[in-house]
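Have a look at the structure below, then the notes.
Here is how names work: the chains are called A, B, and so on, in the same order as the sequence lines, proteins then strands, and each is numbered from 1.
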Number of protein chains: 2
Amino acid sequence: MATGRTHRPATRSRGIPEATVARLPLYLRALTALSERSVPTVSSEELAAAAGVNSAKLRKDFSYLGSYGTRGVGYDVEYLVYQISRELGLTQDWPVVIVGIGNLGAALANYGGFASRGFRVAALIDADPGMAGKPVAGIPVQHTDELEKIIQDDGVSIGVIATPAGAAQQVCDRLVAAGVTSILNFAPTVLNVPEGVDVRKVDLSIELQILAFHEQRKAGEEAAADPGVAPPAVARKQHSTDQGPDGDVPAVMPA
Amino acid sequence: MATGRTHRPATRSRGIPEATVARLPLYLRALTALSERSVPTVSSEELAAAAGVNSAKLRKDFSYLGSYGTRGVGYDVEYLVYQISRELGLTQDWPVVIVGIGNLGAALANYGGFASRGFRVAALIDADPGMAGKPVAGIPVQHTDELEKIIQDDGVSIGVIATPAGAAQQVCDRLVAAGVTSILNFAPTVLNVPEGVDVRKVDLSIELQILAFHEQRKAGEEAAADPGVAPPAVARKQHSTDQGPDGDVPAVMPA
DNA sequence: ACTTGTGAATTAATTCACAGCT
DNA sequence: AGCTGTGAATTAATTCACAAGT
């Protein structure tokens, strides 16, 4: 794809790498903090440190968006905030429904950073009729029967699934049938969706298992003490920071 | 690293790719489901479908662990469950502390899949003295003052941070100072940790922003309808399944 | 003098495609 | 005949290192 890309307007080649897209929110958060402290400009070095990446990566990432910096100076904070927000589609408002209002669903509903960016909780939905009408985070919970109507009326395209694993696929199917095309899944299940629907998962159990793997590795190394040529510094994985490749996450689920 | 790997026992070359490690829990979950249904063997094709990956990737992943399959037949489910569990370090028990018992912390404490694999909630910790002693998920909440003592007494090496963003770094520092070397961070902040400490993050806001990016892209394409040579099939990104590269996740946080 | 933007080099991950074993 | 295991090819991501601009 790098080789034979069909010629383009030259000013902006569509197709930002996924790895870059996944970091843009990180940069945006760091920039927003700077903006709140009224910092006018920032260098790639400083911003990279704040976002927990290295500066070459950050510059390369930004190069996919365009040339928004000034050589010898750095980046204008406000301008970059705007450009990244626009690139991520945060200049518009995204109504979101949360399905499954247990502990986790309630935590998500209460999450402040939600509204701060372009997301708005359009509805909270739960299968328990006893929950209906009860306000969570100031929003009354609605019954699952209303799901299709809510999605169509509010033009919801993003759904969050925080149900038990057993209900997730069924909820997913209804969301998709009603018009949702992006799903954030907290249930520990693989969701099957048709072409054109994006799913991202958040899975606590998976994350813990990945940590356990590295933890075990560390414990084993104490004793190992390889008596060979022993490459001193660089040999070890670049632990800490940096979440490595892949894009997994753990699913949380009440009860 | 692929080129100049120091000669090894040949039977097992240390160094499983990060991307593979991140998928092992996925395979394990699928295998556990098969095991519960008493399925004795499974082919790479079937297992891959259940885990939501393609079979070549799965086979390559397994090849890093060793040769645990039988050509012409497939994999023995029980045997694979054991091998992967061992590789992930799940044959031992990992005490975990959860710091910050808001909505999210409570959701995590109640999460069933916790104990089912090798993880055990050693303690729930919160800074609010009013919470102290109150049971959540059957475990009494303890005050932050006890943090160091708990970690040392129980030999805790994995900590989960579910505090507000403002408290996260401070909690992290205390966890690390007390001996924790793996952290799962739900607070929307970059954590600074010393070499040798692993951090993974779970960030709701980041996940939603990534979805918004793709959602915006989809909306834009409706109108685009490129009248050029129009590469029909393969051209579009492989949406759905597959979380793409990187390894980000969103942070959740109560209020 | 300083910092961006980016080709080129490197490293990692994925996918192909088939030899090798059951 | 069927399915694994894996070299080889491909594609993606990261890092280097420096030319180009202010």
### Message
Please report the distance, rounded to the nearest Å, between CZ in A:Arg23 and P in D:dA13.
### Response
9 Å
### Query
Roughly, in whole Å, what's the span from CG in A:Asp61 to P in C:dG5?
12 Å
### Task
For B:Phe62 and D:dC3, give me the distance from atom CZ to atom P, rounded to whole Å.
16 Å
### Which residues share a ring-ring contact (aromatic ring centres under 6.0 Å, His included) with A:Tyr82, sequence neighbours left out
none
### Query
In chain order, what residues pass the side chain to side chain donor-acceptor pair (under 3.5 Å) check against A:Ser157, with sequence neighbours excluded?
none
### Query
Using a cut-off of 4.0 Å on non-hydrogen atoms, how would the nucleic acid contact of A:Tyr75 be classed: base, sugar-phosphate, or nothing?
sugar-phosphate
### Query
Any salt bridge (Lys or Arg N to Asp or Glu O under 4.0 Å) pairs touching residues 61-75 of chain A, not counting sequence neighbours?
A:Arg23-A:Asp61
### Query
Quick one: ring-ring contact (aromatic ring centres under 6.0 Å, His included) partners of B:Phe62, sequence neighbours excluded?
B:Tyr27, B:Tyr75
### Task
Measure the NZ-OG distance between A:Lys218 and B:Ser182 for me, rounded to the nearest 0.5 Å.
3.5 Å
#### Entry: Set of side chain to side chain donor-acceptor pair (under 3.5 Å) partners for A:Thr32, sequence neighbours left out
A:Arg117
### Message
Just the rounded figure in Å: distance from C1' of C:dT22 to CG of B:Asp76.
### Response
15 Å
#### Entry: Minimum-distance nucleotide (side-chain atoms of B:Thr70 versus C:dC16, C:dT22, D:dT14)
C:dT22
At a cut-off of 3.5 Å, list every protein nitrogen or oxygen paired with a nitrogen or oxygen from nucleotides 18-21 of chain C, distance to 0.1 Å.
unit_1 : atom_1 : unit_2  : atom_2 : d
C:dG20 : N3     : B:Arg71 : NH1    : 3.2

### Query
Rounded to the Å, how far apart are A:Tyr64 OH and D:dT15 P?
12 Å
#### Entry: Nucleotide of D:dG5, C:dT14, C:dT6 approaching A:Ser67 most closely (side-chain heavy atoms)
C:dT6
### Task
Check whether any side-chain nitrogen or oxygen of A:Asn54 sits under 4.0 Å from OP1 or OP2 of D:dT14, and answer yes or no.
no
### Summary
What residues 36-45 of chain B contributes to the DNA chain C interface at heavy-atom separation below 4.0 Å is none
### Message
Going by ring-ring contact (aromatic ring centres under 6.0 Å, His included), name the pairs with one or both residues in residues 192-213 of chain A, residues two or more places apart or in two chains.
### Response
none
### Message
Suppose we screen for salt bridge (Lys or Arg N to Asp or Glu O under 4.0 Å). Which residues come up paired with A:Asp93, at least two apart in sequence or across chains?
### Response
A:Arg120
### Message
I need the NZ-C1' distance between B:Lys60 and D:dT10, as an integer number of Å.
### Response
13 Å
### Task
Can you tell me the distance, in whole Å, between the NZ atom of B:Lys57 and the P atom of C:dC16?
11 Å
### Query
Roughly how far apart are A:Gln83 CD and A:Asp76 CG, rounded to 0.5 Å?
10.5 Å
### B:Glu18, nearest nucleotide to its side chain (from D:dT6, D:dT22, C:dA13)
C:dA13
### Message
I need the CD1-P distance between A:Ile16 and D:dA12, as an integer number of Å.
### Response
15 Å
